[in-house]
Amino acid sequence: MNFADMKYRLSEFWSEFKKERSGLVGLAILILSLLVVIFEPVILPWKEANSKWRNIDYWQDNSASAPPAWTNAFTKLKAPETVRLEKAEKEEAELDGGVKLVTYTFDYHYGADKAPLDVIFHITGHGDVPVQVSVERPDGTTLDLAQRFEQGLAGQDIRISLDNDGREAAFSFIKNYESAEALERYSGRSLRTGDILFNVAREGMAMEFKPLKGTYKLVVKAMLLDPENSSVENPYVVVTGSVSGILGTDDSKRDLFSGLVAGLKWALLIGLLTSAISVLIGVIYGIISAYFGGAVDSVMQFVYQIVNSMPVLPVLIVISAIFKPSIYMLIAVMVLFFWTGSVMTVRSMALQIKEETYIEAAKALGAKKSRIIFKHMVPILIPYSFASMALSVPSAIVYESSVSLLGLGDATIVTWGQILHDAMQGAAILKGIWWWILPPGLLIAIMGMTFAFLGFSMDKILHPKLKTR
Amino acid sequence: MYKWFALKRVLKGIVTYVIIIFIMSVLFNAVNEQTMRSNIEEQVRAETVRLKNMQPAALQRFQEQRRQDLIHLYRLDRPFMERILYRTWNTLTFNFGKSTIIKSSKGEREVLTIIGEALPRSLILFTVAAAIEIVVGIILGLKKAQKPGGSLDRSTSLITMIVYGMPTFWVAMILIMFFVYQLKIFPSAGMHSVPPPKGIMYFLDLLWHMTLPLLTLLLIGFWGVSYMVRNIVLSVLQEDYIMAARARGIPENRVLFGHTLRTAAPPLITMSVLQLLASISGAIIFEGIFSWPGLGNLYWIAVQQNDIPVLMGDLAITVGLYQLGLIMLDLTYGFMDPRIKVGGKA
């Protein structure tokens with residue numbers, strides 16, 4: 001089959017396919033998800049989500065189990081969103097004795113009704129650096145909240161969390177407004193720094209939170225005692241809100257949207273690789289079985305029946321539990337079961353093709369058996385198995401996620417099934433953390449739907465008997 | 001002759017099962033022997049604890065002796081091939097040994113007892129679900145086939161495709177979240193209330209616990225059945241004798257349920273049994289979500305506790321059930337479609 005033939009057949013197929021509306025929808029979603037995979041580095045809000053999914057430090061500035069940011073639209077009291085401030089005004093000043101003072105000022109616009117959970121300052125330091133953080137509130141008061149003196153740094157990150165490190169300073173701020181008795185009464189209650197920092201300063205502020213909206217200046221000052229050998233760089237501030245990102249976070253503070261985007265390519269890889277390889281094997285197996293016939297056919301049919309009478313998922317679970325396979329091994333094991341899907345159809349079609357005159361002609365010309373099979377039969381039969389290829393993609397994805405749900409997934413990657421496993425472990429159902437359960441399963445379902453759309457449409461075109469008459 | 005056909009099919013099923021178990025014995029040989037050896041160690045230790053007044057040297061000799069005896073008893077000192085065959089034979093005779101951690105409700109550690117307890121619970125859930133699925137599916141499928149391309153056909157076909165790749169366990173999670181924790185009308189887990197009520201209330205209680213798992217299976221299941229019924233029935237409806245029956249003025253329902261259904265019965269049965277088997281094979285881990293104490297839940301527990309003997313036994317029984325289902329399928333098919341059994345070809 002040459003290129004012109006191929007082009008003709010493709011265009012013929014396309015003109016039929018265009019009429020299937022659901023098939024077009026499937027194709028659109030498939031192309032969209034391929035685009036997401038290609039532009040993943042741009043789309044990922046957390047760039048290293050792939051490699052650091054199980055690294056607790058990478059996610060530590062997020063809030064745990066935070067709902068998606070857009071849930072604010074449905075609540076009366078708006079919650080602050082987790083934001084990362086990287087744009088700072090830098091000031092450098094020479095002090096007496098050769099000491100240099102570097103000041104970074106971040107602007108934070110606060111307009112929510114609830115207090116942020118935490119404000120976390122990050123700065124990378126070299127040498128010996130005392131660091132001090134303070135906040136200038138919209139009402140003009142300035143709070144010196146925390147200081148830290150790190151010595152002998154070599155590019156480590158200095159992390160100052162106001163909720164931990166600024167609690168005492170915040171408490172002394174509240175003392176200016178509250179009477180001693182009131183403080184006595186509420187000292188038992190643990191006050192968050194954020195609840196004080198973003199509160200309107202007044203009597204009774206310990207009791208009730210009233211947001212002081214406006215622009216806060218978050219200031220981090222680093223003193224370079226020995227400017228030759230010490231320096232600071234890369235300052236940023238994370239204001240941890242109680243809602244976060246597009247799809248919220250899980251109980252290990254991981255951004256779920258990043259996880260889902262990172263899982264997409266694995267879902268596609270698992271589905272497409274498994275189905276493509278197994279259909280290819282199935283087609284060749286079916287043709288060989290039909291072409292040689294006789295004893296070869298009998299033996300091959302027997303092997304086919306044995307594989308076909310094994311329940312896939314239980315075997316897959318036991319194999320995963322015992323051998324703890326990597327994702328590629330898992331795909332290989334799935335191929336061992338999936339190739340049977342197209343054998344029977346291909347075999348029956350190959351039995352007909354085998355008797356065609358052009359095969360006879362090829363034989364008369366002295367063509368080898370392998371040439372007849374791979375040159376004349378495989379190219380004709382492959383398109384017919386496209387439908388079964390598309391239809392076996394969802395099962396591969398669902399099987400992988402089932403195995404992952406049991407906690408047997410490949411721990412070096414992120415898949416949707418593993419996110420669901422974590423959700424089960426974290427009792428997300430009981431706690432009603434729907435943003436942890438709904439999206440991963442929904443994506444699996446949408447992937448399944450996409451390939452079902454494609455598969456059913458192709459089935460209709462390739463097997464005209466099923467057409468609605 | 002039907003009996004020859006049946007005999008042949010049963011024998012073939014048994015041979016297939018033996019081969020599958022053999023393959024598994026080879027595949028899981030290493031891990032099986034490892035558990036056996038640790039079992040032997042445990043047993044030797046347990047036996048020596050009872051012997052108090054004994055010289056250390058004699059004790060050691062005794063331990064070594066017992067270890068050798070047990071290794072010989074379990075044939076761990078025999079050549080590889082013999083070990084495999086011995087293991088295959090043990091599995092085929094349901095001699096799965098003792099579990100390492102999991103216990104049955106009476107505290108026994110026989111794997112067969114544990115599985116025997118779980119098996120009926122799985123069967124009741126999946127057979128009831130499959131029965132409802134098939135009835136609803138057939139009715140819906142017939143309606144769809146009556147007016148192919150109509151609005152009912154188109155909309156339900158669309159739903160079929162939408163739920164095609166939907167993971168059952170996920171639907172289970174969503175339903176639990178909504179019905180159990182939001183509306184609080186169903187129990188979250190298990191099969192009975194604790195303690196289980198007596199008499200008629202026992203069955204009502206069971207039904208109440210079963211509703212949500214059943215609902216999950218149905219919500220996903222019957223669309224596919226109805227789609228397949230539609231395709232099968234649609235080809236039968238094109239036949240001339242259906243047109244003849246209609247022309248004779250036979251009521252449409254009788255044409256549909258009498259003439260069409262009888263001809264379409266063999267493929268429909270195939271499809272329904274395959275549906276049941278697929279749900280055993282595919283949706284089995286969803287039992288874990290509902291803590292429904294069946295075979296699927298047993299996989300879940302065995303994986304978490306790393307209880308290899310239970311895992312192996314569970315797998316052997318599941319494969320056996322699957323095989324049994326396939327045999328039953330061909331037998332009924334042969335019974336329903338006389339053309340198959342004439343030649344005795346399977």
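Residue numbers start from 1 in every chain, and the chains themselves are labelled A, B, ... in the order their sequence lines are given, proteins ahead of strands.
- With a 4.5 angstrom heavy-atom cutoff, I162(B) touches chain A via backbone and side-chain atoms both.
- A 6.0 Å sphere centred on CE of M328(B) holds no more than 12 heavy atoms belonging to other residues, nucleotides or ligands.
- Within the 4.5 angstrom heavy-atom criterion, atoms from both the backbone and the side chain of L311(B) approach chain A.
- Residue with the most contacts toward chain A among V15(B), L27(B), L158(B): L27(B) (heavy-atom pairs, distance under 4.5 Å).
- With contacts defined as side-chain heavy-atom distances shorter than 4.5 Å, the pair D314(B)/F96(B) does not qualify.
- Considering K12(B), K8(B), R9(B) in turn, R9(B) is the only one that fulfils the side-chain hydrogen bond (donor to acceptor under 3.5 Å, both in side chains) rule with D330(B).
- Using a 4.5 Å cut-off between heavy atoms, A428(A) contacts chain B through its backbone alone, with no side-chain atom that close.
- For I397(A), no part sits under 4.5 Å from any heavy atom of chain B, backbone or side chain.
- Ranked by heavy-atom pairs shorter than 4.5 Å toward chain B, the options L316(A), V318(A), I306(A) are led by V318(A).
- You'll find the side chain of M312(B) reaches within 4.5 Å of the side chain of F28(B), heavy atoms only.
- Atom OH of Y181(B) and atom CG of L430(A) lie 4.5 Å apart (nearest 0.5 Å).
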Sequence neighbours excluded and cut-off under 3.5 Å, please list the side-chain donor-acceptor pairs for residues 433-444 of chain A, or say none.
residue	atom	partner	partner atom	Å
W435(A)	NE1	A66(A)	O	3.1
W435(A)	NE1	T249(A)	O	3.0

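- A distance-only check finds no donor-acceptor pair linking the side chain of Y322(B) to the backbone of V312(A) [under 3.5 Å].
- Between Y164(B) and F456(A), the distance separating the two ring centers is shorter than 6.0 angstrom.
- Residues Y285(A) and M300(A) approach most closely at OH-O, 2.6 Å, considering heavy atoms.
- The stretch residues 23-30 of chain A places none of its residues near chain B, where near means some heavy atom under 4.5 Å from a heavy atom of that chain.
- More than 12 heavy atoms of other shown residues, nucleotides or ligands fall within 6.0 angstrom of atom NZ in K324(A).
- With a 4.5 Å cut-off on non-hydrogen atoms, S309(A) touches chain B through its backbone and its side chain both.
- Using modelled atom types and a 3.5 Å distance limit, the side chains of T156(B) and K144(B) yield a donor-acceptor pair.
- For Q304(B), the part lying near chain A is the side chain, with the backbone staying farther off; criterion is any non-hydrogen pair under 4.5 Å.
- Neither the backbone nor the side chain of F451(A) comes within contact range of chain B, judged by heavy atoms closer than 4.5 Å.
- For V303(B), the part lying near chain A is the side chain, with the backbone staying farther off; criterion is any non-hydrogen pair under 4.5 Å.
- For L408(A), the part sitting under 4.5 Å from any heavy atom of chain B is the side chain, from C-beta outward, and nothing else.
- Of the atoms belonging to I322(A), it is side-chain heavy atoms, and not backbone ones, that fall under 4.5 Å from chain B.
- In this structure, chain B has heavy atoms under 4.5 Å from both the backbone and the side chain of V315(A).
- With contacts defined as side-chain heavy-atom distances shorter than 4.5 Å, the pair T100(B)/Q305(B) does not qualify.
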